[in-house]
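Below is one structure, written out as structure tokens, with a few remarks after it.
Letters A, B, ... mirror the listed sequences (proteins, then strands); counts begin at 1. In what follows, every heavy atom counts, from backbone to side chain, and hydrogens, waters and symmetry copies are set aside.
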Amino acid sequence: MVPTSYYLILSALVFTIGVIGVLVRRNALVIFMSVEMMMNAVNLTLVALARQLGSLDGQVFVFIVMAVAAAEVAIGLAIVMEIVRHRDTTNVDELDLLKW
Amino acid sequence: MELVLFLIFGFLALVGSLGVILSRNVVHSALFLLLNFLMLGLLYLVLGAQFLAVSQFIVYAGAIVVLFLFVIMLIGSESVGDFVSKGRRVAAYLGMFLALFFFAGLAYAVGVRVFLPPQGAPGFGAIESVGKLLFTEFLVPFELVSILLLVAMVGAIALAHQVWPAPSREPKE
């Protein structure tokens, strides 16, 4: 069996790539995809640790995270659509209306 | 055998996630995201979580990526170009440095722990056992999730629904 720490390292790598995407890219859609990737990395951690502990609770958490991610994507993409309709851009640097 | 599968799927998952943040075209990003999701689903299978693997394929690969592609196509390519910030290289490097620092912390946290060999229970991760757990111990969260999905659906429709022409405020006589 593959040691649990391999899975944890892999998910840390994917999570870090997601963090870089959020910090470096300026396209709202790509940032959104990176956030989804980070959620997936955490899901992998939960599944790996569920196997490690021999308990199924982690898998139930992953199921609930998936439902939350689906809801988040629906709302978030609706917001992106609305932003594009009003401002005609998905560049987050141009969305500074609230900047003081 | 399991190690070989882990290495293949893990490598492809990393390729997918790097492709998401490196590709210039948003459609390519979405397709790399699909690759990442599929590979993580296969890793769930390797871990013995069949139910989650199938949900991963249906929810993430099936629904979420398609939703992303839908929105990209609806917006049109002119407003979804690439915005790697010009003249802000410093910000990008700083972001990468921060992320590497973050990864070092995570790797340290994982590295200092010594894990015993995993203890899988019989029938672990099969649909039967997960379903039993979902409908007994986690029944209330399960039902709350359905309310959450309903609210999200109503919210998405309310946000994205375009009333055209705009309804007049005055009551019609």
> What residue, out of B:Ala99, B:Ser146, B:Ala158, has the most heavy-atom pairs lying under 4.5 Å from chain A?
Replying inline: B:Ala99
> Top residue by heavy-atom pair count (under 4.5 Å) with chain A, among B:Ile157, B:Leu149, B:Leu133, B:Leu43?
Replying inline: B:Leu133
What about [X] and [Y], same hydrophobic cluster or not, with Ile/Leu/Val/Met/Phe/Trp/Tyr joined at side-chain heavy-atom distances under 4.5 Å?
{"X": "A:Met39", "Y": "B:Val66", "value": "no"}
{"X": "B:Leu100", "Y": "B:Phe102", "value": "no"}
{"X": "B:Val145", "Y": "A:Val65", "value": "no"}
{"X": "B:Leu52", "Y": "B:Leu5", "value": "yes"}
{"X": "B:Val59", "Y": "B:Met153", "value": "no"}

With respect to chain B, which residue among [options] yields the maximal number of heavy-atom pairs within a distance under 4.5 Å?
{"options": "A:Ile17, A:Leu23, A:Leu10, A:Ile20", "value": "A:Ile17"}
{"options": "A:Met66, A:Met81, A:Glu82, A:Glu72", "value": "A:Met66"}
{"options": "A:Val19, A:Ile75, A:Val80", "value": "A:Ile75"}
{"options": "A:Leu77, A:Ile79, A:Val14", "value": "A:Leu77"}
{"options": "A:Val22, A:Ile31, A:Val30, A:Asn43", "value": "A:Asn43"}

Are the side chains of [Y] and [X] in contact, using a 4.5 Å heavy-atom criterion?
{"X": "B:Gln56", "Y": "A:Asn40", "result": "yes"}
{"X": "B:Phe32", "Y": "A:Met33", "result": "no"}
{"X": "A:Leu29", "Y": "B:Ile75", "result": "yes"}
{"X": "B:Tyr44", "Y": "A:Gln59", "result": "no"}
{"X": "B:Leu47", "Y": "A:Leu44", "result": "yes"}

Looking only at non-hydrogen atoms, find the nearest pair between [X] and [Y] and report the distance.
{"X": "A:Glu36", "Y": "B:Ile64", "result": "OE1-CD1, 4.0 Å"}
{"X": "A:Arg85", "Y": "B:Ala160", "result": "NH2-O, 3.3 Å"}
{"X": "B:Val20", "Y": "A:Arg25", "result": "O-NH1, 4.0 Å"}
{"X": "A:Ala78", "Y": "B:Ala156", "result": "CB-O, 3.9 Å"}
{"X": "B:Pro141", "Y": "A:Ile64", "result": "CB-CD1, 3.8 Å"}

> Checking heavy atoms, do the side chain of B:Leu74, its backbone, both or neither come under 4.5 Å from chain A?
Replying inline: side chain
> Is chain A contacted by the side chain of B:Leu33, its backbone, both, or neither, given a heavy-atom distance below 4.5 Å?
Replying inline: side chain
> Got a sec, which residues hit ring-ring contact (aromatic ring centres under 6.0 Å, His included) with B:Phe57, two or more places apart in sequence or on another chain?
Replying inline: none
>> Can you list everything that forms a ring-ring contact (aromatic ring centres under 6.0 Å, His included) with B:Phe68? Sequence neighbours excluded, please.
In response: A:Phe32
>> Quick check on the structure: residues of residues 6-16 of chain B within a heavy-atom distance below 4.5 Å of chain A, by number.
In response: B:Phe6, B:Gly10, B:Leu14
>> Does A:Tyr7 form a side-chain contact (heavy atoms from CB on, under 4.5 Å) with B:Val46? I'd like the steps, not just the answer.
In response: CA-CA 11 Å; A:Tyr7 287 101; B:Val46 175; 3.5 Å; yes
> Does the pair B:Leu3 and A:Tyr6 meet the rule for a side-chain contact (heavy atoms from CB on, under 4.5 Å), with working shown?
Replying inline: CA-CA 10 Å; B:Leu3 185 64; A:Tyr6 287 16; 3.8 Å; yes
> Which atoms of A:Phe15 come close to chain B, meaning under 4.5 Å heavy atom to heavy atom: side chain ones, backbone ones, both, or neither?
Replying inline: side chain
>> Suppose we screen for side chain to side chain contact (heavy atoms under 4.5 Å, CB included). Which residues come up paired with B:Ala107, at least two apart in sequence or across chains?
In response: A:Ile9, B:Phe103
